[in-house]
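Just below is one structure, and these are the notes that go with it.
Naming: A, B, ... by sequence-line order, numbering from 1 per chain.
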Amino acid sequence: MFELSATPLDVSALRASLMPRAEAGALVTFEGWVRNESEGRSVTALTYEAAEELCRSEAEKIFGEARAKYRICEVRVAHRVGTLQVGEVAVWVGVTAPHRDAAFGACRYVMDELKRRLPIWKKEHYTGEPSRWVGV
Amino acid sequence: MFELSATPLDVSALRASLMPRAEAGALVTFEGWVRNESEGRSVTALTYEAAEELCRSEAEKIFGEARAKYRICEVRVAHRVGTLQVGEVAVWVGVTAPHRDAAFGACRYVMDELKRRLPIWKKEHYTGEPSRWVGV
Amino acid sequence: MRVIVQYYAMLREQVGRNEELRETTAETVGGLYEELARVYRLTMPAGRVRAAINDEFVRWDTPLRDGDRVIFIPPVAGG
Amino acid sequence: MRVIVQYYAMLREQVGRNEELRETTAETVGGLYEELARVYRLTMPAGRVRAAINDEFVRWDTPLRDGDRVIFIPPVAGG
């Protein structure tokens, strides 16, 4: 399951949504937090913008690839859009699996591919410098 | 920080304890849950027993190794002792780092080494079969 | 032929809008980007932009059809 | 010489207690395990057991000293 959220991510609720399955023995989660620094610049805030439908279809492809590569139970991703302050959670990835190998492998795979492929853009806001789209 | 707990782990509180540092951009957590199955046997509950002081000193060594190998901010582990029901959290590992590579690598390293080296023993309870110490 | 073009991030800022209904003679999605780059003086080289038609990523030489919804994707930076 | 021996898990169950103050003539931690294996009919082969003295893992040939606190560690299974 993939979602974009304009409000702060509720990490406890996200985790709880993966809990019920008895055959799951491992949960690996990744959280990306807004840092106060980026390539030597002092960051005050970030703005994320996403192409929503395209994100959804690409995320589903990535989940399918993860399921083909690793024996997992559930995978869930939530990504923020809008303006975030330092310390806020930008992205949350959670993967459950019978065993830890698959949970670690799939969580890493999903996070790496999301970062590389999802049509999401990040604008960094600095102190005393104009804002900038990252990666451009 | 390493702790053994005779009561259910408060995962939200564990996570929150790693939150304040602004230079951390990534959190990776691992949770091990009690499964209803082990090598084909139907598991009803588990009992963990630990050599407490030796666990603590060995965990600190593992944390030191993780810090030497990966650029991380914080690492925290909580492990249950006593009797646990299916679905309960047996172990929680959380690692924060400036970047995700180090957080994933260190979380995996810490979990693998804990499992291999900490003096903790697990007795599985089954339906219709005597309980058994695992790995023996 | 008329297509809908959606703009995001840096492209949205340079074009000055989210979306437009565009009359074009471009035959491929790559041709359309060239046209837009000229009209809006886009600074992002085509080689760094990907394209999607109707929410599917497509190659640069994919033919355009009337009514297509096209998204141009500058370098991404999620997570 | 007197040492404290602590038992866990399967060893605790086979010995029937957590801990004992033991008078021994064994010179090494390995010799002590052999003695205990004989006395308590322990089923776990020495090759699968590790040892710690005063909360530090030690080799099997480590000499015992009066007052040492010894833990024998059968195969572990945390996590």
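- Side-chain contact check for B:Arg80 versus B:Leu9: some heavy-atom pair is nearer than 4.5 Å.
- A donor-acceptor pair is defined here as one N or O able to donate and one able to accept, closer than 3.5 Å; such a pair exists between the side chain of B:Arg67 and the backbone of B:Cys73.
- Proximity to chain B (any heavy atom under 4.5 Å) is shown, for A:Val93, by neither the backbone nor the side chain.
- The minimum heavy-atom distance between B:Leu84 and B:Ala90, with the atom names listed, is CD2-CA, 3.8 Å.
- In this structure, a donor-acceptor pair under 3.5 Å is absent between the side chains of A:Arg15 and A:Thr29.
- Salt bridge annotation for A:Arg108-A:Asp112: present, with a cationic side-chain nitrogen under 4.0 angstrom from a carboxylate oxygen.
- Looking at A:Val91, there are no atoms closer than 4.5 Å to chain B (heavy atoms on both sides), in backbone or side chain.
- Of all residues in residues 117-132 of chain B, none places a non-hydrogen atom less than 4.5 angstrom from a non-hydrogen atom of chain A.
- Chain B forms the most heavy-atom pairs under 4.5 Å with one residue out of A:Ala103, A:Gly87, A:Ala24, and that residue is A:Ala24.
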**OP:** Run the numbers on B:Arg56 and B:Glu52 for salt bridge (Lys or Arg N to Asp or Glu O under 4.0 Å), then give the verdict.
**Re:** CA-CA 6 Å; B:Arg56 259 177 237 294; B:Glu52 197 160 333; 2.8 Å; yes
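- Within the model, atoms CZ of A:Arg71 and NE2 of A:His99 stand 6.0 Å from one another, a figure rounded to the nearest 0.5 Å.
- Using cut-offs of 30° and 60° for the angle between ring planes, the B:Phe30 and A:Phe104 rings count as parallel.
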Subject >> Residues B:Phe63, B:Val77; criterion side-chain contact (heavy atoms from CB on, under 4.5 Å); working and verdict >> reply: CA-CA 10 Å; B:Phe63 295 168; B:Val77 171; 3.7 Å; yes
**OP:** Please lay out, stage by stage, how B:Leu14 and B:Glu3 fare under the test side-chain contact (heavy atoms from CB on, under 4.5 Å).
**Re:** CA-CA 11 Å; B:Leu14 288 164; B:Glu3 72 202 277; 3.6 Å; yes
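- Among residues 32-44 of chain B, the residues having any heavy atom closer than 4.5 Å to a heavy atom of chain A are, in sequence order, B:Gly32, B:Trp33, B:Arg35, B:Asn36.
- Considering only heavy atoms from C-beta on, B:Lys115 comes within 4.5 Å of B:Met111 through its side chain.
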